[in-house]
Amino acid sequence: MKAFSYERAATPEAAAQAVMQHPGAKFIAGGTNLLDLMKLQVETPTHLVDVNRLGLDRIEDTAGGGLRIGALVRNSDLAADARVRQRYAVLSRALLSGASGQLRNKATTAGNLLQRTRCYYFYDTSKPCNKRQPGAGCAAIGGFNRMHAVLGASSQCIAVHPSDMAVAMRVLDASVETVLPAAAGGARRVIPIADFHRLPGNTPHIETSLQPGEFITAVTLPPPPPGVQLYRKVRDRASYAFALVSVAAIVDARGGTIRAGRLAFGGLAHQPWRVAGAEALLANAQATPATLAAVGNAALQGAHGQGHNDFKIPLVQRVLAATLVQAVGA
Amino acid sequence: MKANPKNGWDVTRRTVLCATAAATVHAGLEVNEANAQAMTPGAPAAPPAPEPAPQLLTTRLTVNGQAHTLHADARTTLLDALREHLQLTGSKKGCDHGQCGACTVLVEGRRINACLSLAAMHDGQAVTTIEGLAKGEALHPLQASFLKHDGFQCGYCTPGQICSAAGMLAEARLGMPSHVTADLAPGAAPALSDAEIRERMSGNICRCSAYPNIVAAIREVAAQPGAAA
């Protein structure tokens, strides 16, 4: 690890201001991703602002019938919360399918959203990576790219976002609450999850719509839509592995007919993937093979493999079909 | 060092490992000075900020009931604080990246990977390591059960396995669900089937693959009412 200075922030506003003031500063919450990357010198912050003791570890009911999840709520506590288990099962399921018990006890809600890609070339500082060093090139394109993106990739970066939780947040239409540093106006703002994670384009090192120093205080969930909530993840091991593909689905079905459905996909792109056109096909539909194929084709429109990951396209379509059949039968 | 009849001086396995680790760390600091860059997600590419001088921090920890005050580089992980500063070498450094679980300890009663946490982040907190589980000469029920069921071969992962199992049993008693829990409805603690134990212990790797015996050891303790507190 490179040397860094360390401070413990007293308020969210002070944390934002401290990161804004120190060039090369970062927030540290659970640290499970940041310290991993610092040991490899993929991340080399010069200053760490510890945000663990800001009291942002509560889950509260909102006036509108939703939930407000503090940025520092640990993944294990969020998955085990009675309200989440009863009303946002897809979020519990997604969280429980990720990482290990030890990591979930440490990892936070905001940190999970901000975790970096697990692209091997991003981790390997002897290989070029535009995300690590803009302009260096991308070793994953034409390299070993079994885990990489089939949607939304660019000629600069084909990395995927590794989070399961973020896929559930996307299907639930979550919002990210932040505070800006005083030097940048000090305002609070709300970022819809759909606008939070960016596609790589020509700036793969810019992964979110957060501004420098902007600090996440909470993630809010609107009331859950009607229907059964499912999260299905396919990975190389039965436990403790990142998704090859995953499907989050909320399906309102009665008597074999789907009234409406929402779908979000993980492991396919630089952000959780959602396609309105695919969801529209679920309105008043039967789960026939023809419908399932049409929804799968619409969801994967524009997809193309990088070679080693071509299998992801038929795989996720099959996982989607199985998930919809399960939802209709539930 | 004492004289050793075999090689003339007393080199323990630990001194060799320490010397090797020091050489590795030194080599690690030499590389990649040029291509490492501070990169804030969401921030435009900026020239790398100069590396500051190492900062010494004072951290108070209560480890196995005993209060300690540490003066250490800010980079000191909780695992290195325990092993190198407090000489509590029961917690093991396996991968040092949160993948193997050999460093698992309990902080405020919850299991975490000590390698992926800075000691300074735990100022004022209580840590329990494998050295703190037994009550005097009386083994913790999990320690006794691992012995009874032969839940190890080389033993390197065992402290982490046992600390992880202690944390896991506490989580299950609180009714926390897992990936394989069929019904998410809040209520009674889930029954710890072998599938539940395996899923909940998946953050602890055993290179000798003693998994069947580890599961048997944990299963027996899980079935004891009020055990493994």
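Atom set for the values below is all heavy atoms of this structure, side chains included, hydrogens, waters and symmetry mates excluded.
Among all heavy-atom pairs drawn from D77(A) and R110(B), the shortest one is OD1-NH1, 3.1 Å.
For L34(A), no part lies under 4.5 angstrom from a heavy atom of chain B. For chain A, the nearby part of A185(B) is the backbone; its heavy atoms alone come within less than 4.5 Å. Residue M176(B) touches chain A through both its backbone and its side chain, counting heavy-atom pairs closer than 4.5 Å. Looking at T104(B), only its side chain comes within 4.5 Å of chain A, counting heavy atoms on both sides.
Here the side chains of R85(A) and P177(B) are in contact, with some heavy-atom distance below 4.5 Å. For the pair N105(A) and R111(B), the minimum side-chain heavy-atom distance is below 4.5 Å. A 4.5 Å side-chain heavy-atom check between K106(A) and M121(B) finds at least one atom pair inside the cut-off. Side chains of Q102(A) and S164(B) form a contact here, defined as non-hydrogen atoms less than 4.5 Å apart. Using a 4.5 Å cut-off on side-chain heavy atoms (C-beta onward), R75(B) and F4(A) make contact.
Note that the OG atom of S239(A) and the CD atom of E199(B) stand 3.5 Å from one another [nearest 0.5 Å]. Note: D36(A) CG to Q99(B) CD = 6.5 Å, rounded to the nearest 0.5 Å. Rounded to the nearest 0.5 Å, atoms CE (M201(B)) and OG (S100(A)) are 10.5 Å apart. Put simply, NE2 on H179(B) and OH on Y231(A) are 10.0 Å apart, with the number rounded to the nearest 0.5 Å. In this structure, S76(A) OG and I112(B) CD1 are separated by 11.5 Å, a value rounded to the nearest 0.5 Å.
In terms of heavy-atom pairs under 4.5 Å with chain A, the best-connected choice from C115(B), A74(B), P186(B) is P186(B). Note on L118(B), N204(B), L57(B): by heavy-atom pairs under 4.5 Å with chain A, the leading option is L118(B).
For R237(A) and S202(B), the side-chain atoms include no donor-acceptor pair closer than 3.5 Å.
Under 4.0 Å is where a charged nitrogen must lie from a carboxylate oxygen, and between D123(B) and R53(A) no such pair does.
Counted within 6.0 Å of CZ on R83(A), heavy atoms from surrounding residues, nucleotides or ligands total more than 12; the atom is thus considered enclosed.
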